[in-house]
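If you read the sequence from its start, that first residue is 1, and numbering goes on from there. Just follow the structure's listing: the first ligand is 1, and inside any ligand the first atom is 1. Treat the numbers as computed from the prediction; the structure is a model and nothing was measured.
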Amino acid sequence: MSSTPKTEVFKTERLVIIGLGLIGGSLACALQKARAAGEVSIKTIVGCNRSLEGLKAAKQNGVIDEFCTDAAETVKDADIVVLGVPVLSIRPILEQIRSHLKPGAIVSDVGSVKQLVVDDMTELLTNTGVHWVPAHPIAGSEQSGVSAAQPGLFKGRKVILTPSENSEPRAVAQIDAMWRATGAERFHMSVSEHDRVLAATSHLPHLLAFSLVDTLASQERGWDVFKFAAGGFRDFSRIAASDPKMWHDIFLSNREAVIEALDLFSADLTNLRQHLLDEDGESLIEVFKRAKAARDHFEEQFQNTGSDIE
Ligand code: NAP
């Protein structure tokens, strides 16, 4: 993994964001802010969703300059197209837009899984004259929709780009410059490393949170359990309020890496269970001490860099 050097000012004519939700909307907000400060030069920022509701409000609030609900129509003159939709919606959108993109246009995305997206982009965009540069901002929240968008969401956070050796350097530099304008720190990673690392640090914790909250809510006393839940449970369970469709797509798209991380975790959980059965307090303390040291180290890093898991 390598951090990218500073690049020149981000300049483009027409930037289209298909999927103007939390992430796509936050990207638009951050770029508008940079534009107002004279830090970037963008002629038009266009938002495209299937429904008009959020788009109208986003235009009124100055998040976007134009909107459209027809993805194929809206990409015709686009210089850059960013796909901000759930991961399994990327392929159908690529199929819809690919014959409408102009030669030289750059397609990027913000999807939380990269292998599937890279495979789809490679299959559908090769020999079209269009460049593609997959990306993933490691920032977000359990909220969704453009109404939750924030201009500062990516400031000081990491964005991972996964270009291949065949990626057009100018296209990679453009997407890098776009994210730099949001205040994000950019990294380049291989697709497989990205999916493996994110399976462990983001996808597995979300799976555990969904599972624990569901288990507790399904108990005989059901919702009553939550009456007595304290701050720790609230912290841990926050991510179980994340969008089910988005996470459905992530887990199915990164199945193998998530199963690998889950198997490792299950084995360690089985060991903990055994320590309990054996009343082996020493082993329990050893595990807790190791975990505390790792968490303290992570917190220190977090304080230093402001980085976050999504
Ligand atoms: P979101 O808030 O639900 O936004 C998704 C947007 O996509 C919605 O505005 C939706 O509007 C639009 N959309 C869905 N299908 C579409 C289609 N076929 N054509 C056009 N627009 C479509 O989701 P999000 O949290 O921003 O996540 C978007 C992407 O970012 C996902 O790939 C996710 O993996 C990635 N990501 C999320 C986070 C996070 O923490 N949330 C962090 C990093 C990366 P309509 O329903 O009106 O079409």
Side-chain angles (χ1 to χ4, degrees), residues 16-30 46-59 63-64 67-75 78 81-98 100 107-118 120-121 134-150 153-154 157-162 179 182 184 186-187 194-195 197-199 201-203 205-207 209-210 238-254 257-258 307-310:
V16 172
I17 301 174
I18 301 178
L20 193 81
L22 172 72
I23 301 298
S26 297
L27 175 62
C29 288
V46 188
C48 174
N49 284 344
R50 292 165 304 185
S51 58
L52 271 175
E53 210 186 328
L55 293 174
K56 282 185 179 165
K59 165 106 169 57
V63 173
I64 47 174
F67 59 80
C68 187
T69 52
D70 182 340
E73 183 61 33
T74 199
V75 300
V81 177
V82 179
L83 305 176
V85 297
V87 176
L88 291 179
S89 298
I90 289 180
R91 186 182 175 92
I93 291 178
L94 287 173
E95 285 169 339
Q96 243 178 295
I97 65 173
R98 67 176 169 154
H100 301 272
V107 174
S108 188
D109 74 308
V110 296
S112 306
V113 176
K114 295 272 67 94
Q115 189 65 62
L116 183 90
V117 174
V118 169
D120 287 343
M121 287 184 174
H136 176 207
I138 313 295
S141 80
E142 72 283 9
Q143 294 177 305
S144 44
V146 66
S147 58
Q150 304 163 34
L153 190 68
F154 310 114
R157 303 299 164 101
K158 294 182 174 67
V159 172
I160 300 172
L161 307 186
T162 60
W179 283 108
T182 69
R186 293 91 54 225
F187 291 85
H194 170 279
D195 285 2
V197 168
L198 269 292
T201 57
S202 169
H203 307 169
H206 277 82
L207 195 73
F210 281 128
R238 176 181 60 81
I239 54 177
S242 301
D243 184 55
K245 161 71 177 138
M246 178 181 124
W247 282 98
H248 159 275
D249 284 18
I250 292 172
F251 290 127
L252 290 187
S253 313
N254 201 20
V258 174
S307 54
D308 197 3
I309 59 166
E310 69 183 13

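- For ligand 1, the polar-atom distance check against M246 finds no nitrogen or oxygen pair separated by under 3.5 Å.
- Considering every non-hydrogen atom in both D195 and A257, the closest pair reads O-CB, 3.8 Å.
- The heavy-atom pair separating L22 from Q143 by the smallest distance is CD2-O, 3.4 Å.
- Heavy-atom proximity to P137, at under 4.0 Å, picks out these atoms of ligand 1: 43 (C).
- Annotation: L22 places an N or O atom under 3.5 Å from an N or O atom of ligand 1; distance criterion only.
- Contacts with ligand 1 closer than 4.0 Å are made by side-chain heavy atoms of H136 only, the backbone lying farther away.
- For the side chain to side chain contact (heavy atoms under 4.5 Å, CB included) test, residues two or more places apart in sequence or in another chain that qualify with R98 are L124, L125.
- Within the 3.5 Å criterion, the main-chain N or O of L83 finds no donor-acceptor partner in the side chain of D109.
- Contact annotation for K245 and ligand 1: no heavy atom of the residue comes within less than 4.0 Å of the ligand.
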Assess whether side chain to side chain contact (heavy atoms under 4.5 Å, CB included) is satisfied between I239 and F210, documenting all intermediate values. CA-CA 8 Å; I239 54 177; F210 281 128; over 6 Å; no
Pair I93-Q96, side chain to side chain contact (heavy atoms under 4.5 Å, CB included): steps then yes or no: CA-CA 5 Å; I93 291 178; Q96 243 178 295; 4.1 Å; yes
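- Every atom of ligand 1 is numbered from 1 in the order shown, and the set under 4.0 Å from a heavy atom of I18 is 20 (C).
- For A139, the heavy-atom gap to ligand 1 drops under 4.0 angstrom.
- Of all atoms in ligand 1, listed by their number and element, those nearer than 4.0 Å to a heavy atom of G145 are 1 (P), 2 (O).
- No N or O atom of Q143 sits closer than 3.5 Å to an N or O atom of ligand 1.
- Residue-ligand proximity, V87 to ligand 1, at heavy-atom distances under 4.0 Å covers atoms 32 (O), 34 (O).
- Against a heavy-atom cut-off of under 4.0 Å, V110 is close to the following atoms of ligand 1: 29 (C), 30 (O), 35 (C), 36 (N), 44 (C).
- Contacts of A71 with ligand 1, taken as heavy-atom pairs under 4.0 Å, are absent altogether.
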Take E73 and C48, measure what side chain to side chain contact (heavy atoms under 4.5 Å, CB included) needs, and give me the verdict at the end. CA-CA 10 Å; E73 183 61 33; C48 174; over 6 Å; no
Test I138 against F187 for side chain to side chain contact (heavy atoms under 4.5 Å, CB included), laying out the working first. CA-CA 11 Å; I138 313 295; F187 291 85; over 6 Å; no
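- In summary, the atoms of ligand 1 found under 4.0 Å from a heavy atom of S51, numbered by their order in the structure, are 45 (P), 47 (O).
- Put simply, the side chain of K114 gets close to the backbone of A135: a donor and an acceptor are under 3.5 Å apart.
- Here L20 has backbone heavy atoms under 4.0 Å from ligand 1, and that is the only part of it that gets that close.
- Dense packing is recorded around CD of E95, with more than 12 heavy atoms of other residues, nucleotides or ligands lying under 6.0 Å away.
- A donor-acceptor pair under 3.5 Å is absent between the side-chain atoms of N49 and the main chain of S51, judged by distance alone.
- Residues in residues 245-254 take part in these salt bridge (charged side-chain N to carboxylate O under 4.0 Å, His left out) pairs, two or more places apart or across chains: K245-D249.
- Heavy-atom proximity to atom 17 (C) of ligand 1, evaluated over T74, I93, V113, L83, is greatest for I93.
- Within ligand 1, the atoms closer than 4.0 Å to a non-hydrogen atom of G111 are 32 (O), numbered from 1 in the order shown.
- A heavy-atom separation below 4.0 Å is not found between V146 and ligand 1.
- Using a 4.0 Å cut-off to heavy atoms of S144, the atoms of ligand 1 that qualify are 1 (P), 2 (O), 3 (O).
- Residue S141 touches ligand 1 through its backbone alone, judged by heavy-atom distances below 4.0 Å.
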